[in-house]
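All remarks here apply to the structure that follows.
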Amino acid sequence: MNMRYTQRCFGFSLVELVITIVITGIIFSVIALFLNRPIQAYTELYALSDITNIADLALSRIEKDVRNAVPNSIRVKSSGNLTGVEMANAVEGMRYRAKNPGGANAILSIGSNDTDFNVEGKFQYAAYGANGYRLVIYNTGAYTGNSDSPNAGVNLYSSSTAAGPTPPAGSHIITPSTSIVTLSSGATEDHVNISPAMKFGLASPRQRIYIVDTPISYICNLSNGTLTRYWGYSITDVQPLDNTVSPLNGANSALLAKNVSACTFSYSAGTSTRNGILGVNLVITRNGKSARLFYQINSNNAS
């Protein structure tokens, strides 16, 4: 047998090997050209989906708090690179007893000092005892000029009980921060004690009373590109935005989103026949990709 012929049949020459490698490279290059766009599109879609989910989760959290807010307690404010929305969190809403039966200690007297009254039913969410709650009845949310000027005696953010056409001097729609509110269990109706006595100035048409624990703020800081939730701080006349000063410097906080490139809050107050509407416009940008979400959240304004 011819040895040279055998090697030719069962082996490859260097030239053939080089040609094979070149052809294979060309084939893979062509395949890569066809696959590059779908892979790039998938990567971009995944990145966009990721930042959209972040924005959606943040807006869902805002919506949940708006649903639990005291009627007419939503206010918005912007200053420089800071913009925020604030609301008072209602732990629970009940009907206070305004008429017999039940005796004097079961009825809440509007317009005069009172210390004891019943609610119609049992508390489901508010805890019994003295837990730092404040009580709100018929918050109108009225302002003079802007959200930093809540009207005395009718807006829960106001600390003033000054005289006015309504309510009478010395009264308010929210118990003072220094008052001790104690909730206790009854057989069929739970009981509320206020110390010292409180004069509520306005009666609720629906006899609604709200148990409030803390304000909640959502603040966008466009300098840092963040959206942060704050809670566990004191109610103040001026809507807070700066977390480096009181009351937000002592508040609890949770970062909801980073890479925030645009953020606006708008609020349209409700009427007797229409709920209030909070508009939230949030844009998150990362690696050149942006996701813009706009929510309109209905807020209950029936006090």
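Not measured: the values here are computed from a predicted model.
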> Which atom names give the shortest non-hydrogen contact between Ser261 and Thr285, and what distance separates them?
Replying inline: OG-OG1, 2.8 Å
>> Within the 4.5 Å heavy-atom criterion, are Ile211 and Tyr125 side-chain neighbours or not?
In response: no
> Should Val70 and Val192 be counted in the same cluster of Ile, Leu, Val, Met, Phe, Trp and Tyr side chains packed under 4.5 Å apart?
Replying inline: yes
> Rounded to the nearest 0.5 Å, what separation is found between the CD1 atom of Ile173 and the CG atom of Asn155?
Replying inline: 6.5 Å
> Considering residues, nucleotides and ligands other than Leu255, do more than 12 of their heavy atoms fall under 6.0 Å from its CG?
Replying inline: yes
> Stepwise, does the side-chain contact (heavy atoms from CB on, under 4.5 Å) test hold for Met198 with Thr115?
Replying inline: CA-CA 6 Å; Met198 169 67 186; Thr115 59; over 6 Å; no
> Can you name the closest pair of heavy atoms from Thr236 and Pro247 and give their distance?
Replying inline: CG2-CG, 4.1 Å
>> Can you give me the closest heavy-atom contact between Tyr210 and Ala90, atom names plus distance?
In response: CD2-CB, 4.0 Å
>> When you compare the side chain of Met94 with that of Gln207, does any pair of heavy atoms fall below 4.5 Å?
In response: no
> Can you list every disulfide (SG to SG under 2.5 Å) pair that touches residues 188-247, not counting sequence neighbours?
Replying inline: Cys220-Cys263
>> Restricting to side chain to side chain contact (heavy atoms under 4.5 Å, CB included), what partner residues turn up for Ala262, sequence neighbours left out?
In response: Val283
>> Please enumerate all residues that pass salt bridge (charged side-chain N to carboxylate O under 4.0 Å, His left out) together with Lys122, with sequence neighbours excluded.
In response: Asp190
> Do the side-chain N and O atoms of Tyr230 and Asn243 include a donor-acceptor pair separated by under 3.5 angstrom?
Replying inline: yes
>> Run Leu135 and Ile194 through side-chain contact (heavy atoms from CB on, under 4.5 Å) and show every step you take.
In response: CA-CA 9 Å; Leu135 307 177; Ile194 309 171; 3.8 Å; yes
> Looking at side-chain heavy atoms only, is the closest gap between Asn275 and Ser299 below 4.5 Å?
Replying inline: no
> Got a sec, which pairs hit disulfide (SG to SG under 2.5 Å) with one end in residues 156-206, sequence neighbours left out?
Replying inline: none
> Between Ser158 and His172, is any pair of side-chain heavy atoms under 4.5 Å apart?
Replying inline: yes
> At what distance, to the nearest 0.5 angstrom, does OG1 of Thr140 lie from CG of Leu202?
Replying inline: 7.0 Å
> To the nearest 0.5 Å, how far apart are CG in Leu227 and CG in Leu222?
Replying inline: 10.0 Å
> Are Val85 and Leu293 joined in one hydrophobic group, where the rule is that I, L, V, M, F, W and Y side chains link up if heavy atoms are under 4.5 Å apart?
Replying inline: yes
> Please walk me through it: do Asp237 and Ser159 pass side-chain hydrogen bond (donor to acceptor under 3.5 Å, both in side chains)?
Replying inline: CA-CA 6 Å; Asp237 291 58; Ser159 59; 3.0 Å; yes
>> Applying side chain to side chain contact (heavy atoms under 4.5 Å, CB included), can you list everything that pairs with Asn72, at least two apart in sequence or on another chain?
In response: Asn139, Asn301, Ser303
> With Arg292, which residues qualify under salt bridge (charged side-chain N to carboxylate O under 4.0 Å, His left out), at least two apart?
Replying inline: none
>> In this structure, would Val280 and Ile277 fall into the same cluster of hydrophobic residues linked by side-chain contacts under 4.5 Å?
In response: no
>> Counting C-beta onward and ignoring hydrogens, is there a side-chain heavy-atom pair between Tyr295 and Glu63 closer than 4.5 Å?
In response: yes
>> Going by salt bridge (charged side-chain N to carboxylate O under 4.0 Å, His left out), name the residues that satisfy it together with Arg206, two or more places apart in sequence or in a different chain.
In response: none
>> Taking the side chain as everything from C-beta on, heavy atoms only, tell me whether Ile219 gets closer than 4.5 Å to Leu248.
In response: yes
>> I want to check something: taking the side chain as every heavy atom from C-beta on, are Ile110 and Tyr96 in contact at a cut-off of under 4.5 Å?
In response: yes
> Taking it one step at a time, do Thr182 and Asn193 satisfy side-chain hydrogen bond (donor to acceptor under 3.5 Å, both in side chains)?
Replying inline: CA-CA 5 Å; Thr182 305; Asn193 178 270; 4.8 Å; no
>> Whether the Tyr233 and Ser246 side chains hold a donor-acceptor pair (N or O, under 3.5 Å, no angle test) is what I'd like checked.
In response: no
> Does Ser78 have any side chain to side chain contact (heavy atoms under 4.5 Å, CB included) partners at least two apart in sequence or in another chain, and if so, which?
Replying inline: Thr83
> So, for Val212 and Val136, which heavy atoms are closest and what is the spacing to 0.1 Å?
Replying inline: CG2-CG2, 3.6 Å
> With no hydrogens and no angle check, is any side-chain donor or acceptor of Arg75 less than 3.5 Å from a backbone partner on Gly141?
Replying inline: no
>> Membership question, hydrophobic clusters at under 4.5 Å side-chain separation (ILVMFWY): are Trp231 and Leu82 in the same one?
In response: no
> How long is the span from the CD1 atom in Ile297 to the CG atom in Leu278, to the nearest 0.5 Å?
Replying inline: 5.0 Å
>> Could you measure the distance from the CG atom of Asn89 to the OG1 atom of Thr214? Nearest 0.5 Å is fine.
In response: 7.5 Å
> Can you name the side chain to side chain donor-acceptor pair (under 3.5 Å) partners of Ser177, sequence neighbours left out?
Replying inline: none
>> Enumerate the salt bridge (Lys or Arg N to Asp or Glu O under 4.0 Å) contacts for residues 126-146, please, sequence neighbours excluded, ordered by first and then second residue.
In response: none
>> Counting only heavy atoms not in Tyr133 (residues, nucleotides, ligands), do more than 12 fall under 6.0 Å from its OH?
In response: yes
> Is there a path of hydrophobic side-chain contacts, each under 4.5 Å between heavy atoms of I, L, V, M, F, W or Y residues, that connects Leu282 with Leu57?
Replying inline: no
>> On a heavy-atom basis, which atom in Tyr157 and which in Ser73 lie closest, and how many Å separate them?
In response: OH-O, 2.6 Å
>> As a quick check of understanding, evaluate side-chain hydrogen bond (donor to acceptor under 3.5 Å, both in side chains) for Thr226 and Asn224, giving each step before the final call.
In response: CA-CA 6 Å; Thr226 57; Asn224 299 331; 4.7 Å; no
> Partners of Asp65 by side chain to side chain contact (heavy atoms under 4.5 Å, CB included), sequence neighbours excluded?
Replying inline: Arg61, Met87, Ile216, Tyr218, Arg229
> How long is the span from the CG atom in Asn131 to the CD1 atom in Ile180, to the nearest 0.5 Å?
Replying inline: 12.0 Å
> So do the side chains of Ile209 and Phe117 get within less than 4.5 Å of each other, counting heavy atoms only?
Replying inline: yes
>> Using every non-hydrogen atom in the two residues, find where Gly84 and Leu241 come nearest and quote the distance to one decimal.
In response: N-CD2, 3.6 Å
>> Filter on side chain to side chain donor-acceptor pair (under 3.5 Å), then keep only pairs touching residues 142-152, sequence neighbours left out; what's left?
In response: Lys77-Asp148, Thr144-Asn151, Ser147-Gln239
